[in-house]
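Note that the numbering runs from 1 along the sequence shown for the chain. Model, not experiment: these values are computed from the prediction.
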Amino acid sequence: MNVSQTMETEEDLLTRLHVQLYHPQQSCKGLFELLPLGNKSKHSADEPLRLGRDAQGCTFALVDARVSRKQLALHAYRTPESPDLLFAIQNLSQRGRLSVNSSALGFLERMDLPDKALVRFGEYEMLIIRESGEAKGSFEVEFEVLAVPPSRETCMYVPSMSPVMETGCSRVINGLPGELRVGLLGPLETDETLMFNS
């Protein structure tokens, strides 16, 4: 096999990470203005993608002082059992937790990303969808901003500051006024029979 056969060509179908973003204050702040929204960007698979507020130290930056300088990293990898390019996510923030679906990651902890993952940190929600491709050495990323939290669309809506019981219902947070407690519980369309103690 010669070198030209092993090199990636522009015709190779790239694995794509479609990243859908949401923040409750995105309409009044320019949180996502440094991201290449709506454009596909190509990246080398041997370099991790970093997201945080440090535009020089990260691949992608958020304009938000509450975000860590380096918030998270996405690492591409392959396994001997599969030709697919897979991804792991790592929490780079010493200040805050990162959750992936229902699993929390502490500082420097890492886990494999499923093909569809809801990632949360602070008030941010990111739905990351992996679409398989044939290329081995690179992949592409496409960002999109959503008008509603992706957790509501994926039926995984749980307020980030409220723990979840095994029933899937949020617990009441002690010390908050009743109207704030109800507001933190999210939509009640499917929970009309729940009663809350004051």
Side-chain angles (χ1 to χ4, degrees), residues 15-26 29-37 41 43-79 84-131 138-146 149-166 168 170-171 173 184 186:
T15 296
R16 181 166 69 124
L17 292 180
H18 188 158
V19 182
Q20 299 174 333
L21 299 155
Y22 174 81
H23 189 280
Q25 298 175 3
Q26 65 195 22
K29 296 184 175 185
L31 303 173
F32 305 130
E33 66 184 29
L34 297 179
L35 298 177
L37 298 174
S41 54
H43 300 276
S44 176
D46 61 357
E47 291 291 323
L49 288 185
R50 291 183 184 90
L51 178 73
R53 77 168 190 270
D54 181 0
Q56 294 170 347
C58 293
T59 318
F60 300 110
L62 296 171
V63 184
D64 189 342
R66 293 168 300 171
V67 171
S68 293
R69 276 185 334 100
K70 292 179 182 172
Q71 186 73 44
L72 62 89
L74 296 174
H75 301 269
Y77 70 95
R78 293 178 57 229
T79 65
D84 290 344
L85 193 59
L86 304 172
F87 295 87
I89 188 166
Q90 183 177 33
N91 183 4
L92 300 179
S93 173
Q94 294 184 42
R95 297 185 316 189
R97 284 193 173 267
L98 178 80
S99 74
V100 180
N101 293 339
S102 58
S103 302
L105 296 179
F107 178 55
L108 294 183
E109 292 179 348
R110 167 191 309 211
M111 72 177 286
D112 291 341
L113 274 182
D115 288 344
K116 189 173 188 178
L118 180 64
V119 177
R120 303 164 105 187
F121 55 93
E123 293 184 271
Y124 289 87
E125 289 189 15
M126 296 171 42
L127 185 63
I128 302 175
I129 301 167
R130 184 184 72 87
E131 298 171 9
S138 59
F139 61 96
E140 62 186 10
V141 178
E142 183 176 11
F143 287 97
E144 174 188 2
V145 176
L146 298 178
S151 58
R152 293 186 189 204
E153 299 297 316
T154 59
C155 300
M156 297 175 70
Y157 182 73
V158 178
S160 58
M161 34 196 303
S162 175
V164 177
M165 297 185 297
E166 288 183 4
S170 300
R171 292 185 199 168
I173 301 171
L184 289 172

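- Heavy atoms only, all atoms of each residue included: A61 and A55 are closest at CB-CA, 3.7 Å.
- Note that CD of E123 and CD of Q25 are 5.5 Å apart. Values are rounded to the nearest 0.5 Å.
- Side-chain atoms of R130 come within 3.5 Å of backbone N or O of L85 as a donor-acceptor pair.
- Within the structure, every pair that satisfies the salt bridge (charged side-chain N to carboxylate O under 4.0 Å, His left out) test and touches residues 55-65, not counting sequence neighbours, is listed here: D64-R66.
- Put simply, CG on L17 and CZ on F143 are 9.0 Å apart, with the number rounded to the nearest 0.5 Å.
- Between S41 and F60, the shortest heavy-atom contact is OG-CZ, 3.7 Å.
- Between A76 and A45 the shortest heavy-atom distance is CB-O, 3.6 Å.
- Remark: the backbone N or O of A88 is not paired with any side-chain donor or acceptor of D112 at under 3.5 angstrom.
- Of the inter-residue distances, the one linking M111 atom CE with E109 atom CD reads 10.5 Å to the nearest 0.5 angstrom.
- Ring geometry for H43 versus F139: interplanar angle of 30 to 60°, hence tilted.
- In this structure, L92 CG and R110 CZ are separated by 9.0 Å, a value rounded to the nearest 0.5 Å.
- Within the 4.5 Å cutoff, the side chain of L118 has heavy atoms near those of the P150 side chain.
- Contact check for L31 versus Y124: side-chain heavy atoms found under the 4.5 Å cut-off.
- Residues R97 and A104 approach most closely at NH1-CB, 3.7 Å, considering heavy atoms.
- Using modelled atom types, one side-chain atom of E125 and one backbone atom of S151 make a donor-acceptor pair closer than 3.5 Å.
- Sequence neighbours left out, the pairs with a member in residues 51-60 that pass salt bridge (charged side-chain N to carboxylate O under 4.0 Å, His left out) are D54-R69.
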**Study point:** Intermediate values then yes/no, side-chain contact (heavy atoms from CB on, under 4.5 Å), L62 and L35
**Key:** CA-CA 7 Å; L62 296 171; L35 298 177; 4.0 Å; yes
**Study point:** CA sep, side-chain torsions, deciding dist, call: V19, V141, side-chain contact (heavy atoms from CB on, under 4.5 Å)
**Key:** CA-CA 7 Å; V19 182; V141 178; 4.1 Å; yes
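- Side-chain contact between N91 and F121 is absent, with no heavy atoms from C-beta onward closer than 4.5 Å.
- Taking the side chain as every heavy atom from C-beta outward, L127 and K116 approach each other to under 4.5 Å.
- The CG atom of L113 lies 5.5 Å from the CD1 atom of I128; values are rounded to the nearest 0.5 Å.
- Checked by atom type, the side-chain pair E131/H18 shows no donor-acceptor distance below 3.5 Å.
- Between the CG atom of N101 and the CZ atom of R120 there is a distance of 10.0 Å, given to the nearest 0.5 Å.
- Listed here is the closest heavy atom pair of I129 and Q20: CD1-OE1, 4.3 Å.
- In terms of heavy atoms, M126 sits closest to L21 at CG-CD2, 3.3 Å.
- Between K70 and C58, some side-chain heavy-atom pair lies under the 4.5 Å cut-off.
- Two residues are said to be in side-chain contact when any heavy atoms from C-beta on lie closer than 4.5 Å; T15 and D84 fail this criterion.
- Proximity of a side-chain donor or acceptor of Q90 to a complementary backbone N or O of L108 within less than 3.5 Å is detected.
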